[in-house]
Amino acid sequence: MKQLNSVSQLNFGFAPTPFGECAIVFSEDGVSALVFHENRNAAITDLKNRFYDIELQENNAKAELLCKQIFDEKAKTKLCVRGTEFQMNVWNALCEIPVGSTATYAQIAQKVGKPKAVRAVGTAIGANPVAWLIPCHRVLRTDGSLGGYRWGLELKVKMLEREKKI
DNA sequence: AGGACAACGGTCT
DNA sequence: AGACCGTTGTCCT
């Protein structure tokens with residue numbers, strides 16, 4: 001996955017998904033954010049926070065096309081995100097969890113070469129900017145319980161169930 | 001099965 | 001420097 005470096009402008013828009021409406025931020029280089037929200041204002045606040053230094057241009061038509069591609073087809077979507085080196089490592093590790101299976105926070109910590117940084121892995125996963133595409137929902141606690149989810153545990157469960165069927 | 005708790009490491013203020 | 005966290009292992013009841 002690519003690192004988003006200094007750009008002045010990105011596209012964003014709202015679009016329907018099987019899990020409710022999402023807000024998505026994107027460019028030629030790939031998806032920079034995909035978030036769920038209670039209402040559009042909350043989404044905008046969230047995104048302005050993440051991209052405080054970048055101008056966001058609304059383009060819902062493009063956003064809908066992109067989401068169709070993401071959730072209908074199984075084509076791989078390019079990613080272009082911003083994060084610390086540690087976070088990038090963690091997110092890359094998440095992308096290696098196969099569809100339909102799960103991993104634990106401890107396993108991810110192991111994978112990024114910092115077996116004791118479990119707690120930090122948790123926060124890094126929580127900072128994931130791109131729901132679904134970076135499959136942070138596939139990470140559970142070591143004891144098998146759900147752990148947390150930034151956009152609500154209910155959504156985490158829905159995503160896991162949908163993947164089970166594929 | 002479930003609660004309390006210390007230790008852990010990255011990130012934010 | 002201190003606090004916050006999508007955790008974990010251990011030690012309880």
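Protein chains get the first letters and strands the later ones, always in sequence-line order, with residue 1 at the start of each.
For A:Gln87, taking side-chain heavy atoms from C-beta onward, the closest of the listed nucleotides B:dT11, B:dG9, C:dT8 is B:dT11. Of the candidate nucleotides B:dG9, C:dG6, C:dT8, C:dG6 has the atom nearest to the side chain of A:Cys136. Side-chain atoms of A:Lys156 lie closest to C:dG6 of the nucleotides B:dG10, C:dG6, C:dT7.
When the C1' atom of B:dG10 is taken as reference, atom CE of A:Met88 falls 16 Å away, rounded to whole Å. The CD-C1' distance, from A:Glu85 to B:dG9, rounds to 15 Å in whole Å. Rounded to whole Å, the distance from CZ on A:Arg119 to C1' on B:dC12 is 15 Å. In this structure, A:Tyr149 places its OH atom 15 Å from P of C:dT7, rounding to the nearest Å. Rounded to an integer number of Å, the gap from A:Asp143 CG to B:dG3 P is 12 Å. When the P atom of B:dC8 is taken as reference, atom CD of A:Gln110 falls 17 Å away, rounded to whole Å. Atom-to-atom, NZ of A:Lys114 to C1' of B:dA7 comes out at 17 Å; the value is rounded to the nearest Å. The CZ-C1' distance, from A:Arg141 to B:dG2, rounds to 12 Å in whole Å.
Among the heavy atoms of the strands lying under 4.0 Å from A:Phe86 are primed sugar atoms or P, OP1, OP2 only; no base atom is included. Note on A:Ala117: only backbone sugar-phosphate atoms sit closer than 4.0 angstrom, heavy atoms only; bases stay farther off.
A:Leu146 and A:Leu155 fall within the same hydrophobic cluster, where Ile, Leu, Val, Met, Phe, Trp and Tyr residues are linked whenever their side-chain heavy atoms come under 4.5 Å apart, directly or through other members.
Between A:Lys78 and A:Glu28 there is no salt bridge, since no side-chain nitrogen of the basic residue lies less than 4.0 Å from a carboxylate oxygen of the acidic one. Under 4.0 Å is where a charged nitrogen must lie from a carboxylate oxygen, and between A:Arg82 and A:Asp53 at least one such pair does.
When side chains are defined from C-beta on, A:Arg138 does not count as touching A:Met159, because their heavy atoms never get closer than 4.5 Å.
Cation-pi geometry between A:Arg141 and A:Tyr105 is not satisfied (NZ or CZ under 6.0 Å from the ring centre, within 45° of the ring normal).
Taking only side-chain nitrogens and oxygens, A:Thr123 never comes nearer than 4.0 Å to OP1 or OP2 of B:dT11. For the OP1/OP2 pair of B:dT11 and a distance below 4.0 Å, the side-chain nitrogens and oxygens of A:Thr84 include at least one atom meeting the criterion.
Side-chain atoms of A:Gln57 and A:Asn59 include no donor-acceptor pair closer than 3.5 Å.
Ring centroids of A:Trp151 and A:Phe19 are separated by 6.0 Å or more, keeping the two rings apart.
Every stem involving DNA chain B, taken as at least 3 paired positions in a row under the Watson-Crick or G-U wobble test at 3.5 Å, is listed here: B:1-7 with C:7-13, B:9-13 with C:1-5.
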